[in-house]
A.B. asks: 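Mind looking over this structure? Questions follow.
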Amino acid sequence: MKLRHNCGLIGVQGSVNASRLAYMGLYALQHRGQESPGLVSETYEDEILTQLDGALAIGHNRYSTTGSQRSSNIQPLVVDLKGEPLAIAHNGNLVNARELRNAMENEGSIFQSTTDSELFVHLMARSKKDDLQGMIEAATGVARGSYCLVLLTVNSVVALRDPNGFHPLCLGRNGDTIFVASESCGLDIVGASFEREIEPGEIVTACGGEVTASRFAETDRLSMCVFELIYFSRPDSVVFGVSVDAVRKAFGRRLAKEHPADADIVISVPDSSNAAALGYSQESGIPLEFGMIRNHYVGRTFIYPTSELRDHRVRIKYNPVKELLAGKRVVVVDDSIVRGTTSRELMRMLRNVGTKEIHVRISSPPIRFPCFYGIDTPTREELIAARNKVREIARFLEVDSLGYLSADGMLESTGLAPGDFCVACFTGDYPVGFSSEPRKFALEHFGDYLV
Ligand code: SF4
């Protein structure tokens, strides 16, 4: 398995085709979540989009990190706030969600969802402010953790990014139409030019074709999620001011220097490791081959009730190219190992087609700690690197050698200041503290009768 993406956000202001442009943006950001609304291409039928007229739109692809998959958790959340309609979509995770909700419920608040995103609306509503910016500033003064937010009012699209800058959010333009997107690939698809990233602690309002911006908080500690560069973001995106593709290649080059291998070919675990594998090949001089083919038509994962079916889980997604691999010494580049079980199945598949030697190279350090900032990770006990040394992981994977990119190597390869990143899942140094470990279902105390 992989760490699960967070969410994808899109906002459009100033086009008669706003809903269709938002749909296209969500299409490009599908990789950031498909729990709701599901596959964008299948959910928003033409008939639905035709009814969604108006010059403004926001959209959200969700993968839940707080709250279950119940329909009341689907975003954007739509509310009436102090007499005005408001929609809100959130990418991230509040680490003080449980405390905030307990306090509000004790004071009589009721909630419709079990997401931390709804807390924002409550915090805004409870503020003594009358203007939207004031309400947002009041809410962000209390909320702690990671949040990129896109809000829709009757005449504007408002976007903001938490002061730590955990996850990306960018601004684009095509003529008089202004766009906000989690990644720049969400702008490319609608033909918008990339204007700039929304800064950590910045709030941006798009209204009447104009953009106004101001700061709502100072940044004490920048904590950009390095996993956006390792795996989450699309390689054709520019994230944190750098090309994801270029950084992944740099990871691969550095990996080849840190962990060389005597091998005949380099292959990637497609698609997220392609660029790192290319970098490894370029640095080592070992030719890159497409030794593993990924089926792009795999939909949602489903439950495998028997062990026989579970054995097929990885084979549904990947198939090795026998003719390339048989009798070869192979470097397999992957971006990460989480539990290790999927990786082991993959390695067994390679062995079964006659691969002579398998040298696994990982373009990130070992994941030893869970993430609480908007990425769904298993518990610490389930993370293979939390319990095992690299040698033991290699034995578990049944491979000839295993090498992880060092934390220094990873950070230096980004070309950005190493201290500007969150690396908590590797080091346990959490940049925004919490009193108790936030849990995905911490706000689920209704039981299962709400769906
Ligand atoms: S803990 Fe890891 S996955 Fe989570 S925000 Fe930090 S770097 Fe990203």
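All ligand and atom numbering here is 1-based and tracks the order in the structure. All of these numbers come straight from a predicted model, not from anything done at the bench.
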A.B. asks: What atoms of ligand 1 come closer than 4.0 angstrom to any heavy atom of Ala424?
C.D. replies: 1 (S)

A.B. asks: Using a strict cut-off of 4.0 Å, indicate which atoms of ligand 1 neighbour a heavy atom of Cys422.
C.D. replies: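 In order of number, 1 (S), 5 (S), 6 (Fe), 7 (S).
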
A.B. asks: Are Phe227 and Phe426 close enough that their ring centers fall under 6.0 Å?
C.D. replies: yes

A.B. asks: Is there a donor in the side chain of Ser363 and an acceptor in the side chain of Asp335, or the other way round, less than 3.5 Å apart?
C.D. replies: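 Side-chain D/A pair, Ser363 to Asp335: absent.
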
A.B. asks: State, yes or no, whether a side-chain contact exists between His31 and Leu29 at a heavy-atom distance under 4.5 Å.
C.D. replies: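 Yes, their side chains come closer than 4.5 Å.
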
A.B. asks: Is the charged tip of Arg361 near the ring of Tyr280: under 6.0 Å from the six-membered ring centre and within 45° of its axis?
C.D. replies: no

A.B. asks: So, Thr379 versus Glu382: side-chain donor-acceptor pair below 3.5 Å or not?
C.D. replies: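 There is such a pair between these side chains.
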
A.B. asks: Closer than 2.8 Å to atom 8 (Fe) of ligand 1, do we get an N, O or S atom from Cys225, backbone or side chain?
C.D. replies: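 Looking at Cys225, which is the residue asked about, there is an N, O or S atom under 2.8 Å from atom 8 (Fe) of ligand 1.
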
A.B. asks: With atoms numbered from 1 as shown, which atoms in ligand 1 lie under 4.0 angstrom from a non-hydrogen atom of Val226?
C.D. replies: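 Counting atoms of ligand 1 from 1, those under 4.0 Å from Val226 are 7 (S).
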
A.B. asks: Near Cys425, which atoms of ligand 1 are under 4.0 Å from a heavy atom of that residue?
C.D. replies: 1 (S), 2 (Fe), 3 (S), 7 (S)

A.B. asks: So does Cys371 have any N/O/S atom less than 2.8 Å away from atom 4 (Fe) of ligand 1?
C.D. replies: yes

A.B. asks: Answer yes or no: is there a side-chain heavy-atom contact under 4.5 Å between Phe251 and Ser364?
C.D. replies: no

A.B. asks: How far is atom 3 (S) of ligand 1 from its nearest protein heavy atom, and which residue and atom is that?
C.D. replies: Ile375 CG1, 3.5 Å

